[in-house]
Amino acid sequence: MATIKYLGHSCFTIKTGDHNLIIDPFLTGNPLAGAKASDIKANYILVTHGHGDHFGDTIEIANNNNATVIGPNEIAVFCQQKGVNAHNMHIGGGWEFPFGRVKLTIAHHGFSDGESGFDIGGNPCGFILTIEGHKVYHAGDTGLFMDMKLIGEEGLDVAMLPIGDNFTMGIDDAARAVEFLKPKKVVPMHYNTFDLIKADPEEFKSKVTGAECIVMKVNDTLEL
Ligand code: NI
Ligand code: MN
C-alpha cells in the first residue's frame, strides 16, 4: 500500500515500500507548510518547474538525503551543476524507477524565477506516476488543456489539480479538467497559500462531477 501525504501548496509525499518521494517541495517560506525541509526523509524529489513555490527546498532536501531529483532536463541540469544527483527527463517520456514509473506531461505555464535562484528557461511539466499499479497525476502548475483527455485515457486513480486561479486553473476550469481526466479521486492544490490564489476547496468539491473530491488538509494522508 502506498500513502500520499499533503504538505501544503503543491507539495505531496508518497511512501511506497522502502521509497519516499516528495513532489514540489516548497516548505521554507510557505506559511501553510506541514513540515520543515530539515525533517523531510526522501530518496526521490520530483520537481515540475523552477518557480520558487515548487523548486523550493529541492537542493537542501537532496543534500540532506543524498536523494535523486527527477524533472524536466533543465531542472536536472541545474541540480547536477550544484552537485545533486538528478535524472534528466522530458515531456512525453517515461522511465521505470525502483519505486515505479514516472512520465512527464505537458503543463501550460512558465518555468524560471529569479527569486528562487532558478534563472534558466525550460518547459514546465506534470507527472503521471504508476505506483503499485495505481496511477497518480500531479498536474503541476497549468491552465486547462484539451490533452487532459489523453492523460485521462491512461486510467487515473488520483489527480492533484491546482484550483487557485491567477497563475493556474481556477475552480471552474479545474472542475472541467476533472471531466477530461476522469480520475477516481481528485485532490485540489495550489490555493490559499497566498492572497493571489485564495479559493474555496469546498466550492470546487461542489462543482466536481464524476469523481470523488478529497479536500486534504495539511498533513492529511490518502491510501492508494
Ligand atoms: Ni509556477
Ligand atoms: Mn506555483
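We count ligands from 1, going down the list as the structure has it; atoms in each ligand are counted the same way. The figures here come from the full heavy-atom set of this structure, side chains too, leaving out hydrogens, waters and symmetry mates.
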Exercise. Closest approach of Ala67 and Val84, non-hydrogen atoms and distance?
Worked result: O-CG1, 4.4 Å
Problem set entry | Asn85 versus Asn66, side-chain donor and acceptor atoms under 3.5 Å | yes
Problem set entry | Heteroatom count (protein N, O or S) under 2.8 Å of the Ni ion (ligand 1) | 4
Exercise. Does a side-chain heavy-atom distance below 4.5 Å link Pro188 with Val215?
Worked result: yes
For this session: Please list all pairs passing the salt bridge (charged side-chain N to carboxylate O under 4.0 Å, His left out) test where one or both residues lie in residues 127-151, with sequence neighbours left out.
Result: Lys135-Glu154
For this session: Identify whether the distance between the nearest side-chain nitrogen and carboxylate oxygen of Lys185 and Asp157 falls below 4.0 Å.
Result: no
Problem set entry | Pi-cation contact, Phe78 with Lys82 (under 6.0 Å, within 45°) | yes
Problem set entry | Val102 to Leu104 - nearest heavy-atom pair and separation | CG1-CD1, 4.0 Å
Problem set entry | Partner residues of Asn166 under the side-chain hydrogen bond (donor to acceptor under 3.5 Å, both in side chains) criterion, sequence neighbours left out | none
For this session: For Gly140 and Met189, work out which heavy atoms get closest and say how close.
Result: O-CE, 3.5 Å
Exercise. Protein N, O or S atoms less than 2.8 Å from the Mn ion (ligand 2), ignoring waters?
Worked result: Asp53 OD2, His54 NE2, Asp141 OD2, His190 NE2
